[in-house]
Amino acid sequence: MAVREVLQVGDELLRKKSKEVKIFDERLEEILDDMWDTMYANNGMGLAGPQVGILKRIVVMDVNNMRLELINPVIVECHGKDVEQEGCLSCGKIKGNVERPMYVTIKAQDRYGYSFTISGEKYLARCFCHEIDHLDGILFIDKMIKNKE
């Protein structure tokens with residue numbers, strides 16, 4: 001297991017769309033383990049493949065005392081609205097308010113390829129959306145609510 005470099009805003013890889021994971025093997029497990037190490041070493045709560053230079057649809061999250069690995073996650077339901085401040089390991093000290101759904105259900109696979117569905121509200125829903133956006137080349141700064149002056 002290793003701590004990888006977290007790519008920062010301006011790196012074009014962060015803006016690319018990630019590819020579906022089709023092979024569930026030891027290499028994938030190694031990448032996931034490295035992502036956990038990298039996320040914790042940087043005091044993060046979530047990390048997506050593109051943030052460590054891997055254009056695969058993979059996410060690790062530790063939110064609300066739940067450690068989650070999401071492979072090929074897809075949002076299947078969402079509703080409501082919630083506005084809260086977000087930050088990102090790839091965006092340095094930038095923070096800003098972003099509107100996200102209050103409730104989200106996603107379908108994903110685990111590191112062995114088994115499918116599951118999980119729902120979350122408020123903060124967990126926000127994290128699902130934030131990390132899935134990374135897989136599509138979208139950063140939270142793209143969705144920040146601009147201050148009206």
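Owing to the predicted nature of the structure, the values given are computational and were not obtained by experimental measurement. Residues: numbered from 1 along the sequence shown.
Two residues are said to be in side-chain contact when any heavy atoms from C-beta on lie closer than 4.5 Å; F128 and I75 fail this criterion. Side-chain contact between V63 and R126 is absent, with no heavy-atom pair separated by less than 4.5 Å. With contacts defined as side-chain heavy-atom distances shorter than 4.5 Å, the pair V52/D34 does not qualify. Residues D136 and K17 meet the side-chain proximity criterion, which asks for heavy atoms closer than 4.5 Å. For the pair L139/D133, no side-chain contact is recorded, criterion being any heavy-atom separation below 4.5 Å from C-beta on. Taking the side chain as every heavy atom from C-beta outward, F140 and R100 approach each other to under 4.5 Å. Side-chain contact between K81 and M102: absent, with no pair of heavy atoms (C-beta onward) separated by less than 4.5 Å. Between L70 and E131 the shortest side-chain heavy-atom distance does not fall below 4.5 Å.
Grouping the Ile, Leu, Val, Met, Phe, Trp and Tyr side chains by contacts below 4.5 angstrom, directly or via other members, places M144 apart from I138. In the hydrophobic cluster analysis, where Ile, Leu, Val, Met, Phe, Trp and Tyr join through side-chain heavy atoms closer than 4.5 angstrom, M61 is grouped together with I118.
A48 and H134 make their closest contact through CB-CB, 3.5 Å (heavy atoms, listed as atom of the first residue, atom of the second, distance). Across all non-hydrogen atoms, the minimal contact from L124 to S119 is CD2-O, 4.0 Å. Residues V60 and M39 share a closest heavy-atom pair of O-SD, 3.9 Å. Of all non-hydrogen atoms in V6 and L89, the two that sit nearest each other are CG1-O, 3.7 Å. Of all heavy-atom pairs spanning E69 and F116, the tightest one is O-CZ, 3.6 Å. Pairing each heavy atom of P101 with each of C129, the nearest pair is CD-SG, 3.7 Å.
Of the possible donor and acceptor atoms, none in the side chain of T105 sits under 3.5 Å from a partner among the backbone N and O of V76. Within the 3.5 Å criterion, the main-chain N or O of M66 finds no donor-acceptor partner in the side chain of N64. Under the 3.5 Å distance criterion, the side-chain polar atoms of D11 are matched with a main-chain donor or acceptor of L13. Without hydrogens or angle criteria, D110 side chain to Y112 main chain gives a donor-acceptor distance under 3.5 Å. No donor-acceptor distance shorter than 3.5 angstrom exists from the side chain of R4 to the backbone of I31, with no hydrogens or angles considered.
The aromatic rings of Y40 and W36 sit parallel to each other, their planes meeting at less than 30°, with 60° as the upper class boundary.
Separating the CD atom in Q51 from the CD atom in Q8 is a distance of 9.0 Å, to the nearest 0.5 Å. Between the CG atom of L32 and the CG atom of D37 there is a distance of 11.0 Å, given to the nearest 0.5 Å. Going from atom OG of S115 over to atom CD1 of I71 covers 11.0 Å, rounded to the nearest 0.5 Å. Note that the SG atom of C91 and the CG atom of L14 stand 8.0 Å from one another [nearest 0.5 Å]. Rounding to the nearest 0.5 angstrom, the gap separating the CZ atom in R57 from the CD atom in Q109 is 11.5 Å. Between the CD atom of E20 and the NZ atom of K22 there is a distance of 5.5 Å, given to the nearest 0.5 Å.
For K143 and E86, the salt-bridge test fails: no basic side-chain N is under 4.0 Å from an acidic carboxylate O. In this structure, E12 does not pair ionically with R15, as no charged nitrogen and carboxylate oxygen lie closer than 4.0 Å.
Remark: of the listed residues L135, L28, N72, L28 is the sole one forming a side-chain contact (heavy atoms from CB on, under 4.5 Å) with I58.
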Inset, instruction - Go through the steps to decide whether D33 and R111 satisfy the test side chain to side chain contact (heavy atoms under 4.5 Å, CB included), and finish with yes or no. - result: CA-CA 10 Å; D33 292 343; R111 66 171 51 206; 2.9 Å; yes

Inset, instruction - Step by step, work out the side chain to side chain contact (heavy atoms under 4.5 Å, CB included) result for M45 and D62. - result: CA-CA 5 Å; M45 291 179 275; D62 189 342; 5.7 Å; no

